[in-house]
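Below is one structure; the comments refer to it alone.
Here is the naming used below: chain letters follow the sequence lines, and residue numbers restart at 1 for every chain.
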Amino acid sequence: MKYDVVVVGSGPAGSVTARFAAEAGAKVLMIERRAEVGVPVLCGEGISQKVDAYNILEGTRWIASKMDGARIFSPNGTMFKLAAEYAGSETGYVLYRDIFDQELARGAVQKGARIMLNTNAVDLLKKDGHIKGVKAQRFDETFDIEADIVVGADGVESRIGKWAGIQTTLKPYDLETCVQYTLTNIDWPSPYCDFFLGQKIAPGGYVWIFPKGKDVANVGIGILSSQSESGMALRLLDAFIAARPELRKGSPLRLIAGADPVAEPVESVRDNLLLVGDAARQVDPITGGGLMTSIEGGKIAGEVIGIAVKEQRFDAQFLSAYEARWKEAFGKKLHRNYVVKEVMLDMEDKTLDMLADSLKDYKFEEFSTLSIIKALVTKHPSLLVKLTPLMKLARA
Amino acid sequence: MAKPKALVRKDTCLACGGCISVCPQDAILMVTSKAVVYRDRCNSCSICVKTCPVGAIIWEET
């Protein structure tokens with residue numbers, strides 16, 4: 001079995017990479033260790049409407065609901081709204097993520113990629129020190145899959161990167177550990193995705209409520225692993241729900257867990273190898289959202305692979321066009337947001353309350369860094385000190 | 001006495017992979033949709049135990 005490309009992992013990053021590589025003429029195999037693409041879901045299921053511009057999804061079956069924006073609740077309950085165009089980076093649609101992933105995989109197959117399920121990559125295949133594919137296991141059978149390029153789209157726990165010598169182990173302060181119920185029979189008729197901040201609510205993270213239409217919503221929590229204790233995420237989520245009658249009356253349809261890298265991007269290229277999506281830490285460190293960046297990264301990866309296959313160039317120098325393009329397209333923003341994450345983690349609940357109080361009457365239609373800082377410090381001058389690191393960033 | 005080692009309770013694990021991504025020893029793998037600790041590699045650092053969002057990782061006396 002010889003392919004141009006073997007993609008390890010059939011999540012959005014893998015499927016979009018496979019799609020654009022296949023479309024450019026590459027012979028692509030995508031392997032998936034699970035028995036079904038997109039199952040189990042490991043995600044809050046929010047995505048920006050920017051996804052529409054990619055034309056990679058047919059129909060609307062993957063959409064649970066369309067949102068008007070986001071509401072942010074500070075620790076003392078002060079709320080401010082972000083209209084869709086500004087909250088758009090991670091809210092817009094609430095998805096049926098299993099259907100979404102299967103539609104993206106279907107798109108890759110339509111362009112000529114193949115999928116092999118129940119197939120686990122167990123090591124890189126190397127000859128004379130060069131990567132030549134992956135060793136795979138399917139039930140009791142172990143076999144080689146030869147390919148000129150290996151794509152690690154193997155998620156937060158990526159092993160492909162480690163095998164290629166890329167340091168991907170996350171520090172606990174760079175991981176949000178998450179758990180989420182899908183609740184039915186709740187009374188939360190909000191056209192907004194809601195976010196709740198506070199050290200007691202979700203240390204180093206937030207609780208979210210993403211309505212899915214009818215009386216259903218995803219109610220989840222992410223906390224920073226470095227501030228977590230065993231089972232803390234689930235206990236805090238249960239406490240959040242128990243304290244709210246409109247949620248407490250609900251029943252769970254689903255309980256899932258997730259792990260979200262909120263880290264600096266890693267190196268994503270070696271000879272004969274690329275990393276995409278969560279494996280490359282293509283995730284916004286503030287929101288933990290990674291769907292759009294995975295799709296954007298996957299598209300760039302697929303296009304670069306297409307050229308590499310035509311030119312028969314698989315060395316890191318040639319493939320580094322991928323890294324240069326994604327870092328330019330969104331990597332710089334992820335780095336900037338990593339710095340913002342660190343500033344926000346240092347903020348006490350009191351500071352978050354002051355921020356929310358300053359922003360609650362702010363009209364985000366006039367959004368600009370300068371005007372927002374002006375709005376903040378006019379009402380609460382003491383915020384000036386807290387925000388100094390961010391202002392340095394804005395000038396840089 | 002040897003230090004206790006991390007052990008994943010299979011009935012509780014939801015296969016999120018968080019423990020694998022933070023293990024400094026590469027001692028955890030996903031096997032048929034459950035995390036499994038390789039005891040000989042575990043150095044009892046407790047990072048995975050604290051990270052698990054549902055409390056599926058416990059200590060096992062050795």
Side-chain angles (χ1 to χ4, degrees), chain A residues 9 33-36 39-43 118 120 122 137 139 154-159 161-163 167-180 205 220-238 254-261 263 278-279 281, chain B:
Chain A
R33 74 180 173 199
R34 297 172 296 179
E36 182 176 358
V39 178
V41 173
L42 305 164
C43 177
N118 295 303
N120 197 9
V122 293
Q137 189 172 12
F139 305 118
D154 51 340
V156 64
E157 64 193 73
S158 178
R159 308 194 60 77
K162 277 182 191 164
W163 293 332
Q167 173 49 263
T168 56
T169 303
L170 290 166
K171 300 286 180 207
Y173 55 78
D174 283 338
L175 181 80
E176 293 284 336
T177 178
C178 309
V179 64
Q180 172 184 279
I221 187 171
I223 65 177
L224 208 62
S225 169
S226 57
Q227 299 182 31
S228 170
E229 295 294 337
S230 175
M232 189 197 232
L234 184 57
R235 281 196 301 279
L236 287 172
L237 181 61
D238 284 337
R254 183 173 70 173
L255 171 65
I256 59 174
D260 204 355
D278 281 10
R281 314 308 181 209
Chain B
M1 201 181 82
K3 286 182 188 168
K5 305 272 183 173
L7 174 76
V8 180
R9 291 190 300 178
K10 279 198 161 65
D11 55 344
T12 316
C13 173
L14 294 176
C16 71
C19 54
I20 299 174
S21 70
V22 291
C23 176
Q25 293 291 107
D26 266 334
I28 314 177
L29 283 175
M30 199 69 79
V31 180
T32 56
S33 293
K34 300 287 167 187
V36 175
V37 179
Y38 285 79
R39 286 172 46 162
D40 51 342
R41 283 201 221 161
C42 173
N43 69 353
S44 312
C45 74
S46 86
I47 290 175
C48 63
V49 174
K50 289 180 179 170
T51 294
C52 182
V54 294
I57 309 184
I58 56 172
W59 292 113
E60 184 188 31
E61 296 299 331
T62 48

Kindly provide each donor-acceptor pair between chain B and chain A shorter than 3.5 Å, listing atom names and distance.
{"unit_1": "B/Ser21", "atom_1": "O", "unit_2": "A/Leu170", "atom_2": "N", "d": "2.8"}
{"unit_1": "B/Asp26", "atom_1": "OD1", "unit_2": "A/Lys162", "atom_2": "NZ", "d": "2.7"}
{"unit_1": "B/Lys50", "atom_1": "O", "unit_2": "A/Ser228", "atom_2": "OG", "d": "2.5"}
{"unit_1": "B/Thr51", "atom_1": "O", "unit_2": "A/Thr177", "atom_2": "OG1", "d": "2.7"}
{"unit_1": "B/Thr51", "atom_1": "OG1", "unit_2": "A/Ser225", "atom_2": "OG", "d": "2.5"}
{"unit_1": "B/Cys52", "atom_1": "O", "unit_2": "A/Gly231", "atom_2": "N", "d": "3.0"}
{"unit_1": "B/Pro53", "atom_1": "O", "unit_2": "A/Leu234", "atom_2": "N", "d": "3.1"}

- Where A/Ala259 and B/Gly18 come nearest, the two heavy atoms and their spacing: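 Answer, listing the atom of A/Ala259 first, then B/Gly18: CB-CA, 3.3 Å.
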- Considering all heavy atoms, the nearest B/Pro53-A/Ala257 contact: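 What the structure gives for the nearest pair is CG-CB, 3.9 Å.
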- Item | Side chain, backbone, both or neither of B/Ile28 within contact of chain A (heavy atoms, under 4.5 Å) | backbone
- With a 4.5 angstrom heavy-atom cut-off, could you sort out which part of B/Cys23 is near chain A: side chain, backbone, both or neither?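 The backbone, not the side chain.
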- A/Leu237 portion near chain B, given a 4.5 angstrom heavy-atom threshold: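 Neither part; nothing is under 4.5 Å.
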- Of A/Leu175, A/Ile223, A/Leu224, the largest count of non-hydrogen pairs under 4.5 angstrom with chain B goes to A/Leu175
- Top of A/Ile256, A/Leu234, A/Val156, A/Leu170 for chain B proximity - count of heavy-atom pairs under 4.5 angstrom: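 It is A/Leu170.
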- Task: Considering only heavy atoms and a distance below 4.5 Å, find which of B/Val22, B/Ile57, B/Leu29 pairs most often with chain A.
- Result: B/Val22
